[in-house]
Amino acid sequence: MENGEIPENANEHCPGPQSESAGKSDACQGCPNQEVCATAPKGPDPERMATVKHKILVLSGKGGVGKSTFSAQLSFALAAKDFQVGLLDIDICGPSIPKMLGLEGQDIHQSNLGWSPVYVESNLGVMSIGFMLPNPDEAVIWRGPRKNGLIKQFLKDVYWGELDFLVVDAPPGTSDEHISIVQFLQATGIDGAIIVTTPQQVSLIDVRKEVSFCKKVGVPVLGVVENMSGLCQPLKDFRFLRMTENGEHTDLTEKVIEYMKEKAPEMLDLIAASEIFDSSGGGAAKMCTEMGVPFLGKVPLDPQLCKAAEEGKSCFSEQKCRISAPALKSIVEKLMAKYWCKEMSVEQ
């Protein structure tokens with residue numbers, strides 16, 4: 001049972017040797033490892049987490065709002081400021097962080113200090129269950145106790161070293177993983193949570209629950225980010241189609257671009273914007289006012305940002321994300337100025 005791994009001869013529904021119910025639950029009855037699990041030390045090492053200055057949770061009430069994309073780009077942005085950054089992916093059933101940081105196919109290595117994060121740069125390390133799966137298409141079908149055991153193991157066995165920031169990418173909702181990470185980290189302090197949403201009420205309904213969760217468990221809400229806040233991209237990057245009544249279309253893009261070049265070349269420099277989600281209810285800004293939490297800003301739906309996430313790249317490193325990168329940078333600067341002024345002065 002090295003490093004808290006579930007032994008091969010364990011019972012079918014083993015909660016994991018790091019679980020509080022290890023050796024005590026009904027699933028443990030008759031297991032040859034029951035006594036060892038029941039008496040083994042559990043929980044994260046407070047001293048290991050004490051070397052992490054700031055711990056940030058990134059949450060969302062609903063899946064598909066771009067939470068992991070934001071976590072990845074926040075980590076890239078902090079690392080670009082020469083901070084030592086760790087990104088911990090606790091979305092056990094849907095680990096997308098390895099893909100978004102260009103680390104697919106990488107393995108976790110062990111040393112006498114514990115598990116070593118996988119590094120994007122010398123000052124940006126990543127840990128995810130995605131590095132442990134023999135097949136990336138393999139589903140992780142685990143009950144709550146086993147998920148909690150792995151989260152504990154991440155905090156107990158991963159050797160981050162000295163970190164300025166640990167960004168924790170959590171799954172959507174308010175489930176076992178959220179309760180566990182808050183309980184495990186509270187001993188050494190959590191700076192707070194950044195909540196990501198999209199503008200429409202369908203998403204905001206669940207975000208309200210996320211804010212309520214944070215208040216109940218004593219985690220400060222650092223702010224809310226409205227992601228996918230309208231589709232924005234240069235007019236010349238759009239396709240132009242003529243639709244027929246039966247749904248078929250003809251691509252007129254080449255003709256339209258040529259016409260604009262000839263008749264109105266200044267139009268080629270315009271940015272076209274369109275509301276994808278209904279924000280007539282006031283969006284995240286109004287919700288933040290009503291619930292008394294900070295609103296950090298809006299990030300438009302930028303195809304170039306989506307491409308950067310697919311390629312595992314920072315949207316700040318090249319000039320391609322010229323619509324979304326300034327919005328993300330503004331949010332990071334706002335966080336730094338409001339919560340981490342000391343770090344900003346050191347950087348300067």
Any side-chain heavy-atom pair of [X] and [Y] under 4.5 Å:
{"X": "L328", "Y": "F316", "answer": "yes"}
{"X": "P98", "Y": "F131", "answer": "yes"}
{"X": "T197", "Y": "V225", "answer": "no"}
{"X": "I181", "Y": "L57", "answer": "yes"}
{"X": "L222", "Y": "Y339", "answer": "yes"}
{"X": "L87", "Y": "L166", "answer": "no"}
{"X": "T51", "Y": "L163", "answer": "no"}
{"X": "D302", "Y": "C321", "answer": "yes"}

Just to verify, what does [X] make a side chain to side chain donor-acceptor pair (under 3.5 Å) with, not counting sequence neighbours?
{"X": "S330", "answer": "none"}
{"X": "S60", "answer": "none"}
{"X": "N246", "answer": "T244"}
{"X": "D82", "answer": "none"}

For [X], does the [atom1] atom sit with more than 12 other heavy atoms under 6.0 Å from it, leaving out its own atoms?
{"X": "E311", "atom1": "CD", "result": "yes"}
{"X": "E254", "atom1": "CD", "result": "no"}
{"X": "Y259", "atom1": "OH", "result": "no"}

Atom pair [atom1]/[atom2] of [X] and [Y] - distance to nearest 0.5 Å:
{"X": "F184", "Y": "K55", "atom1": "CZ", "atom2": "NZ", "value": "14.5 Å"}
{"X": "M336", "Y": "K81", "atom1": "CE", "atom2": "NZ", "value": "6.0 Å"}
{"X": "K329", "Y": "S324", "atom1": "NZ", "atom2": "OG", "value": "13.0 Å"}
{"X": "D169", "Y": "S75", "atom1": "CG", "atom2": "OG", "value": "8.5 Å"}
{"X": "W142", "Y": "D176", "atom1": "CH2", "atom2": "CG", "value": "13.5 Å"}
{"X": "D89", "Y": "M100", "atom1": "CG", "atom2": "CE", "value": "9.5 Å"}

Next on the checklist: One pair to check against side chain to side chain contact (heavy atoms under 4.5 Å, CB included): M127 and V118. What are the steps and the verdict?
Outcome noted: CA-CA 6 Å; M127 180 55 65; V118 178; 5.9 Å; no
What pairs with [X] under salt bridge (Lys or Arg N to Asp or Glu O under 4.0 Å), at least two apart in sequence or on another chain?
{"X": "R242", "result": "none"}
{"X": "K209", "result": "D206"}
{"X": "E245", "result": "none"}
{"X": "E318", "result": "K320"}

Checklist entry - Please walk me through it: do E333 and K338 pass salt bridge (charged side-chain N to carboxylate O under 4.0 Å, His left out)? => result CA-CA 9 Å; E333 296 298 340; K338 187 170 185 178; over 6 Å; no
What pairs of residues pass the side chain to side chain donor-acceptor pair (under 3.5 Å) test when at least one of them lies in [range], not counting sequence neighbours?
{"range": "residues 223-237", "value": "E226-S229"}
{"range": "residues 287-299", "value": "R208-E290"}
{"range": "residues 213-223", "value": "none"}

Item to check | Check: D164/W340 side-chain N/O donor and acceptor closer than 3.5 Å | outcome: no
Next on the checklist: Applying the side chain to side chain contact (heavy atoms under 4.5 Å, CB included) criterion to L88, which one of V126, I151, L155 satisfies it?
Outcome noted: L155
Where do [X] and [Y] come nearest, in terms of heavy atoms and distance?
{"X": "G247", "Y": "M243", "result": "O-CE, 3.6 Å"}
{"X": "K286", "Y": "G281", "result": "CD-O, 3.1 Å"}
{"X": "I97", "Y": "S68", "result": "CD1-O, 3.8 Å"}
{"X": "W160", "Y": "G86", "result": "CZ3-CA, 3.6 Å"}
{"X": "F76", "Y": "L124", "result": "CD2-CD2, 3.9 Å"}
{"X": "A193", "Y": "V219", "result": "N-CG1, 3.9 Å"}

Checklist entry - Between I194 and L74, is a side chain to side chain contact (heavy atoms under 4.5 Å, CB included) present by the stated rule, with each step listed? => result CA-CA 11 Å; I194 299 170; L74 173 62; 4.0 Å; yes
Checking [X] side chain against [Y] main chain: does a donor-acceptor pair fall under 3.5 Å?
{"X": "Q73", "Y": "K313", "result": "yes"}
{"X": "D91", "Y": "A170", "result": "no"}
{"X": "Q186", "Y": "V217", "result": "yes"}
{"X": "K99", "Y": "E310", "result": "yes"}
{"X": "H178", "Y": "C214", "result": "no"}
{"X": "Q110", "Y": "S116", "result": "no"}
{"X": "K67", "Y": "L59", "result": "no"}
{"X": "N123", "Y": "A79", "result": "yes"}
{"X": "S317", "Y": "S314", "result": "yes"}

Do the side chains of [X] and [Y] join up, straight or via other hydrophobic residues, at under 4.5 Å, putting them in one cluster?
{"X": "F295", "Y": "V65", "answer": "no"}
{"X": "Y119", "Y": "L101", "answer": "no"}
{"X": "V332", "Y": "I323", "answer": "no"}
{"X": "L133", "Y": "I108", "answer": "yes"}
{"X": "V167", "Y": "Y159", "answer": "no"}

Next on the checklist: Using a 4.5 Å cut-off between side-chain heavy atoms of Ile, Leu, Val, Met, Phe, Trp and Tyr, which other residues end up in the same hydrophobic cluster as V256?
Outcome noted: M228, L231, L235, F238, F240, L252, I257, M260, M267, L268, L270, I276, F277, L301
Item to check | N-O pairing of K263 and E258 below 4.0 Å | outcome: no
